[in-house]
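What follows is a short report on a single structure.
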Amino acid sequence: MVDIRSQYLRLQPDIDNGIAGVLETAAFIKGPAVKKFREDLADYLGVPYVIPCANGTDALQVALMALNLNPGDEVITTNFTFISTVEVLVLLRLKPVLVDVDPLTFNIDPDKIREAVTPRTKAIIPVHLFGQPADLKSISEIAIEHGLAIIEDNAQSLGAKCNDLDGVRKMAGTIGNIGTTSFFPTKPLACYGDGGALITRDSKLAETMDMIINHGAKVKYHHEIIGVNSRLDSIQAAILSVNLKNLDDFIARRRRVAAIYDERLGSVPGISTPFAAEKNTHIYHQYTVQLDPSIRDSVQKQLKEKEIPSLIYYPVPLSLQKAFNFAGYREGDFPVTENLCKSVLSLPIHTEMDPEQMDYICTNLLNIIEHE
Ligand SMILES: *Cc1c(COP(=O)(O)O)cnc(C)c1O
């Protein structure tokens, strides 16, 4: 699905230099490489504050902790995403309120958010799924109308752009009160282990989050609030500064792959190719097609026989996960998400794909679909 090794080999001198620099100083925690990366990423995103942390799930947890919510407060989020959001909400004794998604973009549906707002709602967590930002303009309108905070989960779309409340184009993750992201090795901006970050324009939130990730302390052994241990280490930070310099090139490469898929698969009966709400907003973290549920699994099996990897993100809606049974959701509550779980298939897409690989994938997929 991704080719991290080839990407490393292409960037090897820079990456190796970065790692060697950290080894020489032996400043593995809170070293200069972390300071440099937070400044590099803040510059890239056009925000004053970036707070690196240990992973994208912690970033969500720290963001929620910084908002000072009370047990039982409701937080609206999408049903079609990775489990992290619901996990941290439940751990913090907050109430996840799931809503259905837009069938074209797969992102949280603003009309469904409106229907889900109650007097107990305190925040909205839109997820920018598969490389395409959610409709932050509409979501910001709802947030202002009801006095809600927005945390953008931008683990999958760092480098994508979207419109803010005033229709101004900004980097995804910089529009809500807090943006969160992950640097897991398969994410758009990746390190070689776990990593994550919080993004904000708010100096007070930045100060609080900086403390929370470091045991609630500004000064060592002086703990002002209850925090966690969630730091990005210096080796990962050094790798991230190199990858960040290449992020726009990574995105351009993914867009080229997506354009070839679009061209080869776009008008084939039986395949729906990804919808991009606006040109140049989608960074194609995934290239996710939809197939008829009656053939999807068989197509995937036949691709595998040809040694073509594919993945189903996500096979089960959050509402129907066993771990979340206690919430009482039932099959049929979220028709769009449930249908997507049965019809989506993500094809290989990464920065190192060559024309022959693409041709092999497309030719085989078309052949399989034709015979289904
Ligand atoms: C990957 C991901 C996360 C979690 O990030 P980790 O670094 O693996 O903890 C959270 N939300 C979304 C949407 C993700 O894709």
Side-chain angles (χ1 to χ4, degrees), residues 1-2 4 37 41 50-65 75-92 96 98-99 101-102 105-108 123-134 136 139 150-160 162 172-173 176 178-199 209 212-213 228-233 236-237 239-240 243 254 282-288 311-319 321 323-324 337 340-341 344 346 349-350:
M1 291 296 287
V2 293
I4 298 162
F37 171 64
L41 185 57
V50 165
I51 296 116
C53 67
N55 58 69
T57 308
D58 276 6
L60 285 164
Q61 178 174 335
V62 171
L64 286 161
M65 288 170 78
V75 178
I76 297 174
T77 192
T78 165
N79 192 10
F80 190 56
T81 182
F82 187 57
I83 189 76
S84 293
T85 335
V86 161
E87 264 174 353
V88 299
L89 288 169
V90 173
L91 284 172
L92 295 172
L98 300 178
V99 303
V101 296
D102 176 89
T105 63
F106 313 160
N107 276 318
I108 194 164
I124 309 170
I125 308 185
V127 177
H128 303 310
L129 202 72
F130 298 164
Q132 173 154 246
L136 253 288
I139 295 168
I150 297 176
I151 299 173
E152 294 171 65
D153 180 346
N154 199 24
Q156 300 189 5
S157 303
L158 202 77
C162 57
I178 303 170
T180 67
T181 195
S182 163
F183 307 125
F184 185 81
T186 58
K187 306 280 168 158
L189 177 62
C191 60
Y192 294 169
D194 276 311
L198 295 130
I199 300 154
M209 297 190 298
I212 294 176
I213 60 144
V228 295
N229 174 14
S230 183
R231 292 175 298 236
L232 180 75
D233 72 72
Q236 301 306 337
I239 294 164
L240 283 163
N243 280 340
R254 284 175 177 278
H282 203 318
I283 64 160
Y284 295 98
H285 173 56
Q286 301 296 345
Y287 190 90
T288 303
L311 278 171
I312 294 164
Y313 298 112
Y314 296 91
V316 182
L318 295 183
S319 56
Q321 293 287 350
F324 199 43
T337 300
L340 287 176
C341 290
V344 288
S346 296
I349 187 164
H350 55 81

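Keep in mind that this is a model prediction, so the values were computed, not measured. Quick note: residue numbers are just sequence positions, from 1. Scope of the values below: all heavy atoms of this structure, side chains included, with no hydrogens, waters or symmetry mates. For ligands, and for the atoms within them, numbers begin at 1 and follow the listed sequence.
Residue-ligand proximity, Val127 to ligand 1, at heavy-atom distances under 4.0 Å covers atoms 13 (C). For ligand 1 and Ser84, the ligand atoms under 4.0 Å from any heavy atom of the residue are 3 (C), 4 (C), 10 (C). Near Ser182, meaning under 4.0 Å from any of its heavy atoms, are these atoms of ligand 1: 5 (O), 6 (P), 7 (O). Atoms of ligand 1 lying under 4.0 Å from at least one heavy atom of Thr81, given by number and element, are 13 (C). Taking every non-hydrogen atom of Asn55 and a distance limit under 4.0 Å, the qualifying atoms of ligand 1 come out as 7 (O), 9 (O).
Checked against a 3.5 angstrom limit, the closest N/O atoms of Tyr314 and ligand 1 fall outside it.
For the residue pair Gly193 and Pro185, the shortest heavy atom distance occurs at O-CD, 3.2 Å. Nearest heavy-atom pair across Ile108 and Ala134 is CG2-CB, 4.3 Å.
Sorted by first and then second residue, the pairs that involve residues 78-90 and meet side chain to side chain donor-acceptor pair (under 3.5 Å), not counting sequence neighbours, are Thr57-Ser84, Asn79-Ser319.
Every residue meeting the ring pair (Phe, Tyr, Trp, His ring centres under 6.0 Å) condition with Tyr314, not counting sequence neighbours, appears here in chain and number order: Phe80.
Summarising the geometry, atom CG belonging to Asp194 is positioned 9.0 Å from atom CG belonging to Asp58; distances are rounded to the nearest 0.5 Å. In this structure, OH on Tyr313 lies 8.5 Å from CD on Gln156, to the nearest 0.5 angstrom.
If you check which protein heavy atom lies closest to atom 6 (P) of ligand 1, you get Gly56 N, 3.4 Å. For atom 11 (N) of ligand 1, the closest heavy atom belonging to the protein is Asp153 OD2, 2.7 Å. Looking only at heavy atoms of the protein, atom 9 (O) of ligand 1 is closest to Thr57 OG1, 2.5 Å.
Proximity of Glu152 to Leu136: side-chain heavy atoms (C-beta onward) are separated by under 4.5 Å at one or more points.
Of all the listed residues (Lys187, Gln156, Gln286), Lys187 holds the heavy atom that lies closest to atom 2 (C) of ligand 1.
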